[in-house]
Amino acid sequence: MQERYAPQSVEQDAQAYWDASGSFRVAEDASKPKYYCLSMFPYPSGKLHMGHVRNYTIGDVITRYHRMRGYNVLQPMGWDAFGLPAENAAMANKVPPAKWTHDNIAYMRSQLKGLGFAIDWTRELATCSPEYYKWNQWLFVRLFKKGLAYKKTGVVNWDPVDQTVLANEQVIDGKGWRTGAVVEKREIPMYFLRISAYAEELLAALDGMTGWPEQVKLMQKNWIGKSEGVRFGFPYQLNGESKVLNVFTTRADTIMGVTFCAVAAEHPLALHAAQNNPALAKFIEECKQGAVIEAELAQQEKKGMPTGLTVTHPISGDQVPVWVGNYVLMSYGDGAVMGVPAHDERDYEFANKYGLPINPVIRTASGDAVPAPWKPEYAEYGTNINSGKYDGLEFKASVNAVAADLKAKGLGDKHVQWRLRDWGISRQRYWGCPVPIIHCKACGDVPVPEKDLPVVLPENLVPDGTGNPLNKLTSFLDCSCPKCGQPARRETDTMDTFVDSSWYFARFACPGNDQAMVDERAGYWMAVDQYIGGIEHAILHLLYSRFFMRVMRDEGLLNVTEPFTNLLTQGMVLAELYYYDNPEGRREWINPADVTVERDAKGRAIAAKRKSDGVVVVADGIGTMSKSKNNGVDPQALIEKYGADTARFFIIFTSPPTQSLEWSDEGVEGSFRFLKRVWHYASTLGRPGKSPTPELRKATRFEIHSVLKQANYDLGKHQFNTVASATMKILNALEKLQDPSSEEAKEGLSILLRLLSPITPHLGHHLWKALGFGEDILKAPWPEPDPKALEQDEIEYVVQVGGKTRGSLKAPKAADRPALEALVTASSLVQKYVTGQAIRKIVIVPGRLINVVV
RNA sequence: GCCGGAAUGGCGGAAUUGGUAGACGCAGCGGACUCAAAAUCCGCCGACUAAUCAUCGUAAGGGUUCGAGUCCCUUUUCCGGCACCA
């Protein structure tokens, strides 16, 4: 074989072989255990970025490992092809989103193929194809008829200049990204999916999901947000009518401390009060300015204004003033809260700002009073004081008593409140799946009949930034009512792209079926055994997918509840940041590839300069690879220079999959160097070397098999970086043996290649065959350590005196406790460090450690 | 602001899950080979120290334990999400 490692030809040959032999095409096969390995499908943004390469490399390692372990492994690929960036690109280039999207898919597909992923390409799908989104529409119609999809108003960001709805991303500091106009909140009719109907089930099932990271389950739990408390009303009179202002609280025990109520700016009571109160009307108008983004709402200054109205305290009968507060969310509960300044931090701040009374009603760790400044103890549970009949009660008893009294008055009861809101899926955008509804003057909202599906999206339009171009397309708009046949208007809103991505994994199991959303093949492949994707999807995408599986289950489409048995959330890909402020005062971000770093004698960076002109640049730490900071590394350039295997090896070796990965060009060089070393060693296999001693031979086998044992353990917990290290350790051991003709060398290399092949499949494929180990490494069995190689006569014990490590001691394998104690007390180590002190006891960890306590 | 993470040499990371901190690699330093360079190979490489011993050392402070990077409490900084980016 060739002595020089030439990745390009090796990789092309391997890919051609896999292609010709259909290596990764899979079908349902009852004779083998199935394994469905899925990485989150990409948005076709133009070209692959490093995050994609990392995601798919991790998935490919898992896929290939399980394949060699004897599983029938499905790894499909598709395109999350609807979405906002296509419309932006269309506006910029005056090209329809469809063309832009399809061109991007073609290019990115070729990139994925060049990386050698073990993908079954016969199952490829794109969510923008009518064959796919037809089933979004089909399911929507079924849910609409069932009441699980419904219409109500929802709040959106409104750009008053472009007269269009903006995505949160298009709102920058409360202003429209194109117009700079101050964005307003606006209520418009939208379709919602009733995810709240599944809140209890989605929450309860988390406990049984042992294959998911705890942190993700916790985030989902908090997002669903089950709160147990009391919902009750404050009665009031309005225009001679008796009404109640409903609130929800988890702290009904503090009800006697209520000194005000606060309602959201959109609350009917606020709107009513504003009718004869210009100042309040103005305040409510102000609250409407700005975006709907919750993070911004939560951080804005808490402001309020009295409505002039009062309501009656349901227990004491006192009059309680009603305020409008910009911190009260209309979307949570009833859009109104009771204010207990003494025991709630937000209410405390609000009361202090506006001079409202603060009445302590709980004896806490800080006593009976609540002097400023606020202390967290004020909000803790305690004993009721100043609370009349409730005095002396503890939290639970107090809540029960209050709830019982409210119930007796017909004003309230215990209540479970969810944070999770129904899912608004309407988007006032063109490049998405049309919502299959027809608006008829006589019949109202009529779903499109199944026989007329799909409602096909016209693909030749170019949006101009002033709203959905479908609104101007009469050939799309004009239709007849499916019920009465009269002229009607087609809905132009499209669906949230999260709808597309909530069930694609089930469709991968059923390619080509134009008669059904999914079929019995989904029964074989689902659930996904291993799902891999970014931690940024921990809540929304994963929660929506869990919801969709339940909906599809309840529609009788498939018998699966949880879509993803095991979840791996990969970390972000980061790179160094460099900038310099140019003479015009503009900050220019310099790509790390264009920067040279000078170092001192210890290797610490002392200065950075731009390569082209030597101008000094500022190192600004590290950050996620992004266009705006110009620190992206193009995978394509890397693959062309070093080959796909080096890129894959570097990505796997540098960080464990769940942690962030810091890019380093030197690290890539190091990975390439290692693959060259493997190649070179392989080319010498069988060549006579020095004659190693029997001890060295035994030590080499011991090393290789211990490393293999650890690597197999690490593979099980998806810690692939140490598996890559293991392959390096094996090569180090083989080179130290200095005899490529030995049995140890042959065995060692065959283990090395199989460990390496999921990471660097092209190299593995080529060398396996070239060295005569077999025809196809994919069909080779996974290596297991030989217990004989791991046998040892002596065990090395760590010796500690008083918990401090003082050295080590070799003891016979069979030595029992008294023997070890005798050995250690006689040892020079203990003689040296105990020096006259009495030995209190001796702690022995079998096979590992002896600690002499003095 | 709320929810969830993370922090170990100059750098990426490892540590058999409470048992020799720094595996493996990068960078750096020294050497071999070479007319020379590149490539390759060998050695060194936490701080303090001339070196050894000793001591210190896993973001900061406290605690539990024979023993803590690992468990508990407090704090700091950074990262992800916050419902229309995907």
Side-chain angles (χ1 to χ4, degrees), chain A residues 40 42-43 45 80 83-85 154 156-157 165-171 213-216 218-219 221-223 225 292-300 302 327 331 346 420-421 423-429 496-498 501 534-541 543-544 569 571-572 574 597 599-605 621 623-624 653-656 658-671 673-674 676-677 680 709-710 713 719 721-722 724-729 732 735 796-800 802-808 840-843 845 848-854:
Chain A
M40 289 180 186
Y43 178 79
S45 55
D80 189 11
L84 195 55
V156 293
N157 304 303
V165 175
L166 298 180
N168 284 343
E169 192 190 48
Q170 298 171 316
V171 179
E214 287 304 320
Q215 91 208 54
V216 175
L218 195 53
M219 279 192 265
K221 183 180 173 213
N222 292 336
W223 184 263
V292 296
I293 304 163
E294 195 182 301
E296 281 181 18
L297 294 174
Q299 280 174 84
Q300 69 191 0
K302 285 166 198 66
Y327 66 94
S331 50
R346 224 168 26 182
L420 181 68
R421 309 198 294 257
W423 175 13
I425 59 157
S426 296
R427 298 291 179 268
Q428 297 68 44
R429 270 186 269 288
D496 180 0
T497 56
F498 273 128
S501 57
I535 182 71
E536 67 274 16
H537 293 291
I539 297 175
L540 292 177
H541 163 60
L543 190 62
Y544 291 148
T569 51
M572 311 285 285
L574 315 174
V597 178
R599 294 176 189 282
D600 67 10
K602 293 205 165 179
R604 276 182 285 242
T624 54
F653 174 62
T654 300
S655 293
T658 54
Q659 281 180 34
S660 58
L661 182 151
E662 202 175 309
W663 195 261
S664 143
D665 286 333
E666 291 82 10
V668 176
E669 281 284 352
S671 296
R673 206 148 49 215
F674 170 66
K676 281 194 288 191
R677 269 176 67 208
H680 177 255
K709 190 179 172 191
Q710 182 65 38
Y713 176 77
Q719 188 172 294
N721 54 326
T722 49
S725 300
T727 65
M728 291 174 154
K729 286 179 185 172
N732 288 347
E735 287 184 340
E796 194 168 2
Y797 279 86
V798 173
V799 177
Q800 297 185 335
K804 285 202 175 186
T805 302
R806 294 302 184 185
S808 63
R840 274 199 4 236
K841 68 171 171 177
I842 296 176
V843 178
V845 182
R848 194 177 299 280
L849 171 140
I850 304 169
N851 185 11
V852 181
V853 185
V854 290

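Throughout, a chain's letter reflects where its sequence line sits, starting with A, and its residues are numbered from 1.
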TODO: For the side chain of A:N851, starting at C-beta, report the closest nucleotide among B:rU40, B:rC84, B:rG67.
DONE: B:rG67
TODO: Look only at the side chain of A:N157 and the backbone of A:V292, and say whether a donor-acceptor pair between them is shorter than 3.5 Å.
DONE: yes
Open item on the list: Does the structure show a Watson-Crick or G-U wobble partner for B:rU77, both distances under 3.5 Å? Name it, or say none.
Closed with: B:rA6
Open item on the list: Counting the atoms with a prime plus P, OP1 and OP2 as sugar-phosphate, which does A:Y327 contact under 4.0 Å by heavy atoms, base, sugar-phosphate, or nothing?
Closed with: nothing
Open item on the list: Could you tell me the Watson-Crick or G-U partner of B:rG1, where both distances fall under 3.5 Å? Say none if there is no partner.
Closed with: B:rC82
Open item on the list: Need one value for A:Q299: base, sugar-phosphate or nothing, where a base atom within 4.0 Å counts as base even if backbone is also close, heavy atoms only.
Closed with: base
- [ ] Starting at atom CG of A:D665, determine the distance to atom C1' of B:rA27, rounded to an integer number of angstrom.
- [x] 13 Å
Open item on the list: Testing the basics here: between A:L543 and A:W223, what is the closest heavy-atom pair and its distance to 0.1 Å?
Closed with: CD2-CD1, 3.5 Å
- [ ] Establish whether the base of B:rU16 is bridged to the side chain of A:R848 by a donor-acceptor pair shorter than 3.5 Å.
- [x] yes
Task: Of the listed nucleotides B:rA14, B:rG80, B:rA83, the one nearest the side chain of A:T624 - done: B:rG80
Task: For the student: nearest non-hydrogen atoms of A:N851 and A:G802, plus distance - done: OD1-N, 3.5 Å
TODO: Please evaluate the base of B:rG19 for a donor-acceptor partner in the side chain of A:Q800 within a cut-off of under 3.5 Å?
DONE: yes
- [ ] Could you please name the partner base of B:rC66, counting Watson-Crick and G-U wobble pairs only when both distances are under 3.5 Å?
- [x] B:rG19
Open item on the list: For B:rG9, does the O4'-C1'-N9-C4 or O4'-C1'-N1-C2 angle fall within 90° of 0, making it syn, or is it anti?
Closed with: syn
Open item on the list: I want to verify a distance call: between B:rA83, B:rC84, B:rG80, whose nearest atom is closest to the A:L540 side chain?
Closed with: B:rA83
- [ ] Determine the contact category for A:Q428: base if any of its heavy atoms lies under 4.0 Å from a base atom, sugar-phosphate if only primed atoms, P, OP1 or OP2 are that close, otherwise nothing.
- [x] base
Open item on the list: I need the minimum non-hydrogen distance between A:I850 and A:Y797, along with the two atoms involved.
Closed with: CG1-CD2, 3.7 Å
TODO: Give a yes/no on whether any side-chain N or O of A:R673 is located under 4.0 angstrom from OP1 or OP2 of B:rC26.
DONE: yes
Task: Closest to the A:R806 side chain, choosing from B:rA86, B:rG80, B:rU55 - done: B:rU55
Task: Which nucleotide in B:rC24, B:rC84, B:rA27 has an atom nearest any side-chain atom of A:A167 - done: B:rC84
Open item on the list: Is there a side-chain contact between A:S664 and A:T654 in this structure, where contact means two heavy atoms from C-beta onward sitting under 4.5 Å apart?
Closed with: no
Task: base_contact_polar (B:rC84 base, A:N168 side chain, donor-acceptor, <3.5 Å) - done: no
TODO: Select base, sugar-phosphate, or nothing to describe what A:R840 touches, counting heavy atoms under 4.0 Å on all strands.
DONE: nothing
Task: Phosphate contact (B:rA83 OP1 or OP2) by A:R427 side-chain N/O below 4.0 Å - done: no
Open item on the list: Whether A:S655 contacts B:rG13 is assessed here as follows: a side-chain N or O lying under 4.0 Å from the phosphate OP1 or OP2. Is that the case?
Closed with: yes
Open item on the list: Is there a side-chain contact between A:V156 and A:R427 in this structure, where contact means two heavy atoms from C-beta onward sitting under 4.5 Å apart?
Closed with: no
- [ ] Would you indicate what A:K804 reaches in the nucleic acid, counting non-hydrogen atoms under 4.0 angstrom: base, sugar-phosphate, or nothing?
- [x] sugar-phosphate
TODO: Give a yes/no on whether any side-chain N or O of A:Q719 is located under 4.0 angstrom from OP1 or OP2 of B:rA15.
DONE: yes
Open item on the list: Over all strands shown, is A:S426 touching base, sugar-phosphate only, or nothing at heavy-atom distances under 4.0 angstrom?
Closed with: base
TODO: From the options B:rG25, B:rA86, B:rA14, select the nucleotide whose nearest atom is closest to the side chain of A:T722.
DONE: B:rA14
Open item on the list: So if I take every side-chain heavy atom of A:P656 and compare against B:rC84, B:rA14, B:rC11, which nucleotide ends up nearest?
Closed with: B:rA14
TODO: Would you mind reporting whether A:L84 and A:Q170 have side-chain heavy atoms less than 4.5 Å apart?
DONE: yes
- [ ] Describe the nucleic acid contact of A:A295 in one word from base, sugar-phosphate, nothing, applying a heavy-atom distance below 4.0 Å.
- [x] base
TODO: Could you check whether A:F674 gets within reach of a base, just the sugar-phosphate, or nothing at all, counting any heavy atom under 4.0 Å?
DONE: nothing
Open item on the list: Within the 4.0 Å heavy-atom criterion, would you say A:I293 contacts the bases, only the backbone, or no part of the nucleic acid?
Closed with: sugar-phosphate
TODO: Identify whether the glycosidic angle of B:rU17 places it syn (within 90° of 0) or anti.
DONE: syn
Task: Among B:rC3, B:rA86, B:rC85, the nucleotide that comes nearest once only the side chain of A:T497 is considered - done: B:rA86
Open item on the list: Checking contacts here: which listed nucleotide (B:rC24, B:rA14, B:rG81) is nearest the side-chain heavy atoms of A:E536?
Closed with: B:rG81
Open item on the list: From the set B:rC66, B:rA83, B:rC3, return the single nucleotide nearest to any side-chain atom of A:N222.
Closed with: B:rC3
Task: Mutual orientation of the aromatic rings belonging to A:F498 and A:H541 [parallel < 30°, tilted 30-60°, perpendicular > 60°] - done: parallel
Open item on the list: Can you say whether a donor on the side chain of A:Q215 sits under 3.5 Å from an acceptor on the base of B:rG4, or the other way round?
Closed with: no
Open item on the list: If the cut-off is 4.0 Å, is A:S664 near the phosphate of B:rG13, judged by side-chain N/O to OP1 or OP2?
Closed with: no
Open item on the list: Regarding A:T805, tell me which of base, sugar-phosphate or nothing describes its non-hydrogen contacts under 4.0 Å with the strands shown.
Closed with: sugar-phosphate
Open item on the list: Within the 4.0 Å heavy-atom criterion, would you say A:V165 contacts the bases, only the backbone, or no part of the nucleic acid?
Closed with: base
- [ ] Would you confirm whether A:S655, through its side chain, and A:S660, through its main-chain N or O, come within 3.5 Å as a donor-acceptor pair?
- [x] yes
- [ ] Would you classify A:H541 as touching base, sugar-phosphate or nothing, given that sugar-phosphate means primed atoms plus P, OP1 and OP2, and contacts are heavy atoms under 4.0 Å?
- [x] nothing
Open item on the list: At less than 4.0 Å, is any side-chain N or O atom of A:N721 found next to OP1 or OP2 of B:rC24? Yes or no.
Closed with: no
- [ ] Indicate whether OP1 or OP2 belonging to B:rG25 is found under 4.0 Å from a side-chain N or O atom of A:N732.
- [x] yes
Open item on the list: Just N and O in the side chain of A:K676: are any of them under 4.0 Å from OP1 or OP2 of B:rC41?
Closed with: no
TODO: Look at all strands and tell whether A:V852 reaches a base, only sugar-phosphate, or nothing, counting heavy atoms closer than 4.0 Å.
DONE: nothing
